[in-house]
Amino acid sequence: MTQIQIYLHDTLKQRKIPFTPIDKNNVRMYVCGPTVYDKAHLGNAKTPVVYDVLYRLLCYVYGKEHVTYVSNITDVDDKILNKHKETGKSIHEITEQTYNWYIEDMAKLNVLAPNYRPRATEYIADMIELVKKLLANGHAYEAEKQVLFDVDSMPSYGRLSGRSMKEMLAGARIEVADYKKNPADFILWKPSDAGQPGWDSPWGYGRPGWHLECSAMSSKLLGNDFDIHGGGSDLIFPHHENELAQSCGAFPNTKFAHYWVHTGMLMIDGVKMSKSLGNFYTVEEVLQKEPAEALRLLFLTTHYHQPFNFTFEGLHNAKAILDKFYNALLKNTDVPTVEAQPNPKIIEALADDLNTPLALSYLHEMVNTLNKAENTQERAKLKSELLASAYMLGLLYNNPEAWFKGENNEETAEIETLIQKRADAKKNKDWATADAIRNILKERGIVLEDSPTGTTWKKI
RNA sequence: GGCCGGUUGGCAGAAUGGCUCAUGCAGAGGAUUGCAAAUCCUUCUAUAUCGGUUCAAUUCCGGUACCGGCCUCCA
């Protein structure tokens, strides 16, 4: 089989380029995960869904056993510390609970587990080593019990975010600490007070700066050079810029990530999601309205690189699309699945910088074709291809019957009884009773569908 | 203020130097149905604006307007 050529938009080169892995037998991707201090919001969910599709594509093209996907968990951070001060809960309790919520959300959204979900606190020793290397290589200095990265020692600093030192100074809104050689210098290690999380280090009891963990963990798990580094576009500066500087400083003659991929920000009704605007939604809240798969589909209807505008109308629309897809599957429940490959057009669309909207349009085509198919053999083929294709997007993972009926057995029994009563009425051409039952159920959000073989029902 | 990205039909959202600008939702009409639902068929509506390059631009280049992001913690 000829290798499929993947194209990705690289932030460093600022254009779409062909993707060539360092080692096609071990394609390596690192994606910045959440800081575990609160329930995941919609933005926290969108990014992993996007990289999940990329992961699925990489696995398809290079083979699952030839892909290593790392997504970190930041469990040491001042936001966690603040949460601890606010709530009185222990740091451990906060991070464990938030981590578990996150994993649950990811599972609901059908995000495949990465090969590694490393936690920052498990790699402190590696971070300390990294700081030592940076000091030894002349890229860092100590000041006021802190260790700082010396950006002037790295002439290429600023190239990822496409900004020069001068620009950064012009735009700086923060007060510059006077112990910094350059205002852009950032913290590698800082001291902790007795009650704060900390570790012993050559620079005293303290904790790492935010950016350090990703440099340390990617190096440890993927090597100093690896293929793809991803995250939200808000991380380009300063986070990724700083990671890049640290890693290249610590490991001279390496490139760190060879491809930088960033996802567009999520907005709510056209404006940035923020707590102060009152348009802040957690994944949990949104999933009370519609199933997780609808949210997943919705995320994929916009190209990942574009800003994504979330609306509840859009979410509802996504649910309606899935209803259509599951309708097609429901009608073919008795049709066996056969060995099938995903639609090549969908692979092609995804390989072209993850064009999920185009891929979804082909999914629609396939569903339409399936709905029109006559014989069972043809249907089996089409259904199987549809499922294989949907898998690439992580969609259609629910049972079609459960999708429409839910799992409430008591309710199911009650509905079935009413349907039987209505069937009797229909037999006697008692249309008034038949319609009355239809209306009773309709008010409860249950739609009846008559067919030559009997009546089925759905929740809408 | 600096840097970056965007502006396609009622809405969502792809693609493309030229032939009818995909797909979905919504709308209209029809088939089917006891009624309905689902499905199928047909169908209306768009490339922000002003210039330039070109035989030809929505697509390339430049200006303008508007929107968003980043410059500070952020997926």
Side-chain angles (χ1 to χ4, degrees), chain A residues 9 11 14 31-35 37-38 40-51 71 74 77-79 82 102 158 161-164 166-175 184 210 230-239 241 262-267 270-275 297-298 300-303 305-309 311 313-321 323-328 330-331 349 352 355-365 367-368 370-372 404 425-426 429-432 434-435 438-439 442 446-452 455-458 460:
Chain A
H9 182 96
T11 307
Q14 292 198 40
V31 176
C32 286
T35 301
Y37 70 104
D38 211 343
H41 62 245
L42 287 178
N44 286 323
K46 188 214 163 195
T47 300
V49 166
V50 167
Y51 290 101
S71 184
T74 301
D77 184 278
D78 287 355
K79 286 195 289 294
N82 292 340
Y102 180 72
S161 49
R163 59 190 78 203
S164 68
K166 227 174 156 184
E167 287 162 11
M168 282 187 271
L169 296 186
R173 281 191 234 152
I174 42 164
E175 294 247 343
W210 173 35
S233 62
D234 53 342
L235 296 181
I236 295 171
F237 187 89
H239 187 51
E241 191 71 62
H262 290 99
T263 59
M265 289 294 94
L266 179 135
M267 304 195 295
V271 294
K272 184 179 171 143
M273 178 168 79
S274 81
K275 284 182 179 167
L297 174 68
L298 181 62
L300 299 178
T301 57
T302 301
H303 184 90
H305 203 250
Q306 301 280 111
F308 171 81
N309 189 28
T311 62
E313 191 190 353
L315 183 67
H316 188 73
N317 194 226
K319 163 70 163 57
I321 290 168
D323 283 346
K324 178 184 158 183
F325 288 0
Y326 278 115
N327 250 321
L330 193 63
K331 283 189 179 152
D352 184 12
N355 193 338
T356 51
L358 190 60
L360 286 169
S361 78
Y362 294 133
L363 225 47
H364 278 283
E365 275 183 12
V367 170
N368 290 339
L370 176 60
N371 279 333
K372 281 182 270 189
F404 290 113
K426 277 177 69 180
K429 295 205 192 283
D430 178 4
W431 306 127
D435 287 352
R438 179 191 287 289
N439 288 333
K442 193 178 176 184
I446 289 153
V447 174
L448 301 184
E449 298 182 7
D450 293 337
S451 76
T455 299
T456 58
W457 63 275
K458 292 171 184 170
I460 50 160

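First the proteins, then the strands, lettered A, B, ... as listed; each starts at 1. What you are looking at is a predicted structure, and each value in this text was computed from that prediction instead of being measured.
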>> Please encode protein proximity along nucleotides 37-47 of chain B as a string of B, S and -, counting only heavy-atom distances under 4.0 Å.
In response: BSSSS------

Between the protein and nucleotides 10-15 of chain B, which nitrogen or oxygen pairs are less than 3.5 angstrom apart?
from, atom 1, to, atom 2, distance (Å)
B/G13, OP1, A/Thr302, OG1, 3.0
B/G13, O3', A/Thr301, O, 3.4
B/A14, OP1, A/His303, N, 2.8
B/A14, O3', A/Asn355, ND2, 3.0
B/A15, OP1, A/Asn355, ND2, 2.9

>> List the residues meeting ring pair (Phe, Tyr, Trp, His ring centres under 6.0 Å) with A/Tyr51, not counting sequence neighbours, and say none if there are none.
In response: none

Pairs under 3.5 Å (N/O, protein and nucleotides 60-62 of chain B):
none

> What pairs with A/Asp323 under side chain to side chain contact (heavy atoms under 4.5 Å, CB included), at least two apart in sequence or on another chain?
Replying inline: A/Lys319, A/Trp403, A/Phe404

>> Test of understanding: with ring pair (Phe, Tyr, Trp, His ring centres under 6.0 Å), list the residues that count as partners of A/Tyr102, not counting sequence neighbours.
In response: none

> What residues form a side chain to side chain donor-acceptor pair (under 3.5 Å) with A/His239, not counting sequence neighbours?
Replying inline: A/His211, A/Glu243

>> Run the side chain to side chain donor-acceptor pair (under 3.5 Å) test against A/Asn44 and tell me which residues pass, sequence neighbours left out.
In response: A/His41

>> Under the rule for ring pair (Phe, Tyr, Trp, His ring centres under 6.0 Å), what residues qualify as partners of A/His316, not counting sequence neighbours?
In response: none

>> Can you give me the dot-bracket string for RNA chain B, 5' to 3', counting Watson-Crick and G-U wobble pairs with both distances under 3.5 Å, using [ ] for crossing pairs and | for partners on another strand?
In response: (((((((..(((.....[....))).(((((.......)))))....(((((..]....))))))))))))....

>> I want to verify a distance call: between B/A75, B/G5, B/U23, whose nearest atom is closest to the A/Gln14 side chain?
In response: B/G5

> Does A/His303 have any ring pair (Phe, Tyr, Trp, His ring centres under 6.0 Å) partners at least two apart in sequence or in another chain, and if so, which?
Replying inline: none

> With A/Asp78, which residues qualify under salt bridge (Lys or Arg N to Asp or Glu O under 4.0 Å), at least two apart?
Replying inline: A/Lys190, A/Arg207

>> Would you measure the distance from the P atom in B/U8 across to the matching atom in B/G13 and give it in whole Å?
In response: 9 Å

